[in-house]
A.B. asks: 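Have a look at this one before I ask anything.
Because the structure is a prediction, the values reported are computed rather than measured. One is the number of the first residue; the rest follow in order along the sequence.
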Amino acid sequence: MIIWLASYPKSGNTMLRSMLSAYLFSNDGIFNFELLYNIKQFPNDSFLKKLGIKDGDINSIIKNSIKAQELFNNKNSIGFVKTHNMLFNFEKKYPFTNFDHSLGAIYIVRDPRNLVLSYARHLDRPIEEIVKFVTLGKGNKNDLMGNWAENYSSWKAFEKHNKYLLIKYEDLIENPKKNLVKIIEFIFSLTNRKLILNMNKIKNVIETTTLDNLKNLEKNNNFQESVKDNAGKKINFFDQGGQRNWSKSLNKNLIDQIEKSFKREMVELGYI
């Protein structure tokens, strides 16, 4: 059964997966990039190819999302899956997922004013273009992300079934121990297993998933999520993290555009 690790891009999903994989898939809680391979990503090109779905065929992806999950979901065990998709058509025809395949969801959200700065750097695109992208909701070729608010709001459908945990990226950075424990407790509550926290592992997780340590790991090892700019130069994945400050980097027009587009959700989350 799947526990989804869902988010809009550049919202802290990699930090969440790093902490979880270090705690759940290592003996000592010490993080390394190889541990991330324990967490699948969906949609995944290999699953789509097995179903004969052409790259970028959004309609076929929508209709076959459940069939694709049947290829890798083991109902007798727990699997963690990363996605940037919104939870489309939940409890309707052609849903993104359902409770035959899903145990629950952890959603990590980030202030969209900082998110757009990180996303623009990652894609090596002008900030104005990224703000338009994030507010209008045009997704990648095989993703149905929606805009930032649509993505965030869609996953709350799990909440009424008590299968949803919301984590703010800012809280995870400010108090990683408290929020990691909350995440682990949530996972064990979904699985109805007795929880015995290993505080030594948690200590090691926190120490080895700091931004500085992740930067050093990326510098000395290949990281599959690193990208290159238009000139072919590597763009380091890990940059400013929680230190990024939109108030010093975004102009007023872009701030107003974001806040106007997402006012309800940003108020709800305490961002404005």
A.B. asks: Minimum heavy-atom separation for Leu214 to Phe33, with atom names?
C.D. replies: O-CZ, 4.1 Å
A.B. asks: Apply side-chain contact (heavy atoms from CB on, under 4.5 Å) to Phe25 and list each qualifying residue two or more places apart in sequence or on a separate chain.
C.D. replies: Ser21, Leu35, Asn38, Ile39, Phe80
A.B. asks: Check whether any side-chain heavy atom of Thr210 sits under 4.5 Å from a side-chain heavy atom of Lys215, and report yes or no.
C.D. replies: no
A.B. asks: Could you tell me which non-hydrogen atom of Gly29 sits nearest to which non-hydrogen atom of Thr208, and how far apart they are?
C.D. replies: O-OG1, 3.6 Å
A.B. asks: Residues in side-chain contact (heavy atoms from CB on, under 4.5 Å) with Lys163, at least two apart?
C.D. replies: Phe99, Phe158, His161, Leu190
A.B. asks: Quick one: closest heavy-atom pair of Leu136 and Asn147, and the distance?
C.D. replies: C-CB, 4.0 Å
A.B. asks: If I take atom NZ from residue Lys82 and atom CD1 from residue Ile108, how far apart are they, to the nearest 0.5 angstrom?
C.D. replies: 12.0 Å
A.B. asks: Would you please name every residue forming a side-chain contact (heavy atoms from CB on, under 4.5 Å) with Asn200, sequence neighbours left out?
C.D. replies: Asn198, Asn204
A.B. asks: Restricting to side chain to side chain donor-acceptor pair (under 3.5 Å), what partner residues turn up for Ser11, sequence neighbours left out?
C.D. replies: none
A.B. asks: For Tyr107 and Asn151, test the side chains for any donor-to-acceptor distance below 3.5 angstrom and give the result as yes or no.
C.D. replies: yes
A.B. asks: Would you mind listing every ring-ring contact (aromatic ring centres under 6.0 Å, His included) that reaches into residues 250-270, with sequence neighbours excluded?
C.D. replies: Trp148-Phe262
A.B. asks: According to side-chain contact (heavy atoms from CB on, under 4.5 Å), who are the partners of Asp171, at least two apart in sequence or on a separate chain?
C.D. replies: Lys168, Asn179
A.B. asks: Ser65: what forms a side chain to side chain donor-acceptor pair (under 3.5 Å) with it, not counting sequence neighbours?
C.D. replies: Gln69
A.B. asks: Using the rule side chain to side chain contact (heavy atoms under 4.5 Å, CB included), only one of Leu48, Leu51, Asp57 pairs with Asn64; which is it?
C.D. replies: Leu51
A.B. asks: Is there side-chain contact between Tyr8 and Val134, with heavy atoms separated by less than 4.5 Å?
C.D. replies: yes
A.B. asks: Would you mind reporting whether Ser77 and Met1 have side-chain heavy atoms less than 4.5 Å apart?
C.D. replies: no
A.B. asks: Any salt bridge (charged side-chain N to carboxylate O under 4.0 Å, His left out) pairs touching residues 175-203, not counting sequence neighbours?
C.D. replies: Lys203-Glu207
A.B. asks: Looking only at heavy atoms, what is the nearest atom pair of Phe42 and Thr83, with distance?
C.D. replies: O-OG1, 2.8 Å
A.B. asks: Please report the shortest heavy-atom distance between Leu165 and Ile183, naming the atom on each side.
C.D. replies: CD2-CA, 3.8 Å
A.B. asks: What residues form a side chain to side chain donor-acceptor pair (under 3.5 Å) with Ser189, not counting sequence neighbours?
C.D. replies: none
A.B. asks: Could you work out, with side chain to side chain donor-acceptor pair (under 3.5 Å) as the rule, every residue matching Trp155, not counting sequence neighbours?
C.D. replies: none
A.B. asks: Is there a path of hydrophobic side-chain contacts, each under 4.5 Å between heavy atoms, that joins Trp4 and Ile66?
C.D. replies: no
A.B. asks: Which distance, rounded to the nearest 0.5 Å, do you find between the CG of Leu144 and the CD1 of Ile62?
C.D. replies: 4.5 Å
A.B. asks: Atom CD in Glu150, atom CZ in Phe88: separation rounded to 0.5 Å?
C.D. replies: 13.5 Å
A.B. asks: Which pairs pass salt bridge (charged side-chain N to carboxylate O under 4.0 Å, His left out) with one or both residues in residues 84-104, sequence neighbours excluded?
C.D. replies: Glu91-Lys160
A.B. asks: Got a sec, which pairs hit side chain to side chain donor-acceptor pair (under 3.5 Å) with one end in residues 252-272, sequence neighbours left out?
C.D. replies: Arg113-Glu259, Tyr152-Glu268, Lys156-Glu268, Glu170-Tyr271, Lys252-Asp256
A.B. asks: Between Tyr94 and Phe96, is the gap from one ring center to the other below 6.0 Å?
C.D. replies: no
A.B. asks: Looking at side-chain heavy atoms only, is the closest gap between Met15 and Ile173 below 4.5 Å?
C.D. replies: yes
A.B. asks: Under 3.5 Å, is there a donor-acceptor pair linking the side chains of Thr209 and Ser18?
C.D. replies: no
A.B. asks: Show your working on side-chain contact (heavy atoms from CB on, under 4.5 Å) between Leu254 and Val116 and close with a plain yes or no.
C.D. replies: CA-CA 10 Å; Leu254 294 177; Val116 294; over 6 Å; no
A.B. asks: Is it true that a side-chain atom of Arg110 and a backbone atom of Lys10 form a donor plus acceptor pair closer than 3.5 Å?
C.D. replies: yes
A.B. asks: With heavy-atom distances below 4.5 Å as the criterion, would you say the side chains of Leu5 and Asn13 are in contact?
C.D. replies: yes
A.B. asks: Could you verify whether a donor N or O on one side chain and an acceptor N or O on the other, from Thr14 and Arg17, lie under 3.5 Å apart?
C.D. replies: yes
A.B. asks: Mind checking the OH-CG spacing from Tyr23 to Leu180? Nearest 0.5 Å is all I need.
C.D. replies: 8.0 Å
A.B. asks: How many angstroms lie between atom CG of Asn73 and atom OG of Ser102, to the nearest 0.5 angstrom?
C.D. replies: 7.5 Å
A.B. asks: Do Ile106 and Ile187 have side chains that approach each other closer than 4.5 Å (heavy atoms only, starting at C-beta)?
C.D. replies: yes
A.B. asks: Should Tyr169 and Leu16 count as side-chain neighbours, where that means a heavy-atom distance under 4.5 Å?
C.D. replies: no
A.B. asks: What heavy-atom pair brings Ile30 and Ser26 nearest, and what distance separates the two atoms?
C.D. replies: N-OG, 3.8 Å
A.B. asks: Distance alone, cut at 3.5 Å: any donor-acceptor contact between the side chains of Asn44 and Ser46?
C.D. replies: yes
A.B. asks: Measure the shortest side-chain to side-chain distance between Leu217 and Asn32 over non-hydrogen atoms and say whether it is less than 4.5 angstrom.
C.D. replies: no
